[in-house]
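Quick notes on the structure that follows.
So that the names make sense, note that chain A is the first sequence line, chain B the second, and so on, each numbered from 1. In this text, all values refer to a predicted model and were calculated from it rather than measured experimentally.
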Amino acid sequence: MCGRFALTHSAEDLARWFGAGEIPLAPGLALPLRYNIAPSQPLLAVRVEHGSPRFALLRWGLVPSWAKDPAMGQHMINARGETVAVKPAFKNAYRHHRCLIPASGFYEWAHEGKGRQPYYFSGNRGTPLAMAGLWEHWLGPDGSEMETCAIVTTQANKTLKPIHDRMPVLIPRERFAAWLDHSPGAWTHAAELLVPSPEDALVKIKVSTYVNHPAHEGPACLAPAK
DNA sequence: CCAGACGTTGTT
DNA sequence: GTCTGG
DNA sequence: CCAGACGTTGTT
DNA sequence: GTCTGG
């Protein structure tokens, strides 16, 4: 699955790769390099607004619009690709609210003995990854609002298999438009994209357990481990 | 019909 | 063991 | 995902 | 809102 990732490409690189316009930060604020993005935090997403791809900041942990308790999002950080079309919590988002979640790489943990050993997976050409995402809008009884999201998962490919049996769905660049197409009926084609990545898509490095602690941040998260 | 859940992962 | 916070 | 808390009363 | 279980 995918419960932690990094976004270390520059804003310029991301804008070029995703063609999604300005990143929604206050004027003068730079996109921070992130080495340890965890559930419940804001993440950068690309979704269609007024017919074109736009960056948005969404909270990681999908809260369905009908949820009474927004704490439900704590359990909704991933959505199984095999069942997103039928699960009540994801069905609406899968039809109408698909998005891309840019990542420079993602972490998976292997259970080795008592410990948890992290590995980092990134694109084999150093380009950004586009994880398949779903988002929702939630309006609380007191008028508070939240925009939240989940990362879609699928079976592990050969690269991931020794570490973990699930991985995030990665959308190839030439399929961005297909994944984001919300015209009527297009969602039935989105299902074709919910497959494991080709074996050569990713490179793996074993990294220090420094990244295990969600409060740790910075390049030390990617320090290689023996 | 109404009431209550609505999820994933990993582990047993 | 299970929940919360990051 | 992992790490760390997990409780109450009363007092400051 | 929609599905499942009783």
**Asked** When the ring planes of A/Trp179 and A/Tyr94 are compared, do they come out parallel, tilted or perpendicular, using 30° and 60° as the limits?
**Response**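 Correct class here is tilted.
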Which part of the nucleic acid, if any, lies within contact of [X], taking any heavy atom under 4.0 Å across all strands shown: a base, the sugar-phosphate backbone alone, or nothing?
X	value
A/Ser65	nothing
A/Phe90	sugar-phosphate
A/Ile77	base
A/Ala38	base
A/Asp165	sugar-phosphate

**Asked** When you measure from every atom of DNA chain C, which of residues 78-88 of chain A have a heavy atom less than 4.0 Å away?
**Response**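 Heavy-atom contacts with DNA chain C come from no residue of residues 78-88 of chain A; none.
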**Prompt:** So with a 6.0 Å cut-off around CZ of A/Arg166, is the heavy-atom count from everything else above 12?
**Reply:**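 More than 12 heavy atoms, drawn from other residues, nucleotides or ligands, come within 6.0 Å of this atom.
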**Item:** Verdict with supporting geometry, A/Phe18 and A/Phe176, ring pair (Phe, Tyr, Trp, His ring centres under 6.0 Å)
**Value:** CA-CA 8 Å; A/Phe18 289 94; A/Phe176 286 179; 5.3 Å; yes
Kindly say if [X] contacts the phosphate of [N], meaning a side-chain N or O under 4.0 Å from OP1 or OP2.
X	N	value
A/His111	B/dT11	yes
A/Thr153	B/dT9	yes
A/His213	D/dC1	no
A/Asn212	D/dA3	yes

Between [Y] and [X], is there a side-chain heavy-atom distance shorter than 4.5 Å?
X	Y	value
A/Pro128	A/Leu14	yes
A/Leu129	A/Ile101	no
A/Val211	A/His216	no

**Item:** Spacing of CZ belonging to A/Arg80 relative to OG1 belonging to A/Thr153, to within rounding of 0.5 Å
**Value:**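 Here the interatomic distance stands at 6.0 Å.
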Distance in angstrom units between [X] [atom1] and [N] [atom2], rounded:
X	N	atom1	atom2	result
A/Glu136	E/dG1	CD	C1'	10 Å
A/Gln74	D/dA3	CD	C1'	14 Å
A/Tyr94	B/dT8	OH	P	14 Å
A/His216	C/dG6	NE2	C1'	12 Å
A/Met131	D/dC1	CE	P	14 Å
A/Asn36	C/dG6	CG	C1'	9 Å
A/Met76	C/dG5	CE	C1'	18 Å
A/Lys68	B/dG4	NZ	C1'	9 Å

**Message:** Using the side-chain heavy atoms of A/Lys91, tell me which of these nucleotides is nearest: E/dT2, B/dT9, C/dG6.
**Reply:**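 For A/Lys91, the side-chain atoms sit closest to E/dT2.
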**Prompt:** If you check every side-chain atom of A/Ala89, which of C/dG6, D/dA3, B/dC6 has the closest atom?
**Reply:**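 That would be B/dC6.
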**Whether A/Trp66 stacks on the six-membered ring of B/dC6 base, 5.5 Å and 30° limits** =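 It does: the two rings, one from A/Trp66 and one from B/dC6, meet the stacking criterion.
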**Request:** Any chance you could encode DNA chain C as dot-bracket? Rule is Watson-Crick or G-U wobble with both distances under 3.5 Å; [ ] for pairs crossing earlier ones, | for another strand.
**Result:** ||||||
Distance, [atom1] atom - from [M] to [N], rounded to whole angstrom:
N	M	atom1	result
B/dA3	D/dC6	P	36 Å
E/dC3	B/dT9	C1'	23 Å
B/dT8	D/dC1	P	12 Å

**Prompt:** When you check the gap from the basic side-chain N to the acidic O, do A/Glu136 and A/Lys91 get nearer than 4.0 Å?
**Reply:**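 So A/Glu136 does not pair with A/Lys91 through a salt bridge.
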**Asked** Is the distance between the ring centroids of A/Tyr107 and A/Tyr119 under 6.0 Å?
**Response**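 Centroid separation for A/Tyr107 and A/Tyr119: 6.0 Å or greater.
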**Message:** Could you go through A/Asn212 and A/Trp109, starting from their C-alpha distance and side-chain angles, then the distance that decides it, and tell me whether this counts as side-chain hydrogen bond (donor to acceptor under 3.5 Å, both in side chains)?
**Reply:** CA-CA 9 Å; A/Asn212 286 22; A/Trp109 277 262; 2.7 Å; yes
**Asked** Among A/His97, A/Glu145, A/Glu147, which one satisfies side chain to side chain donor-acceptor pair (under 3.5 Å) with A/His137?
**Response**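 Answer to the side chain to side chain donor-acceptor pair (under 3.5 Å) test with A/His137 among A/His97, A/Glu145, A/Glu147: A/Glu145.
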**Request:** Tell me which residues in residues 218-226 of chain A put a heavy atom below 4.0 Å from DNA chain E, sorted by number, or none.
**Result:**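 Residues of residues 218-226 of chain A under 4.0 Å from DNA chain E: none.
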**Prompt:** A/Trp187 ring centre to A/Arg98 NZ or CZ under 6.0 Å, with the angle to the axis within 45°?
**Reply:**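 No, A/Arg98 and A/Trp187 do not form such a contact.
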**Message:** Using side-chain contact (heavy atoms from CB on, under 4.5 Å), reason through A/Leu33 and A/Leu7 one step at a time and then give a plain yes or no.
**Reply:** CA-CA 6 Å; A/Leu33 302 184; A/Leu7 186 62; over 6 Å; no
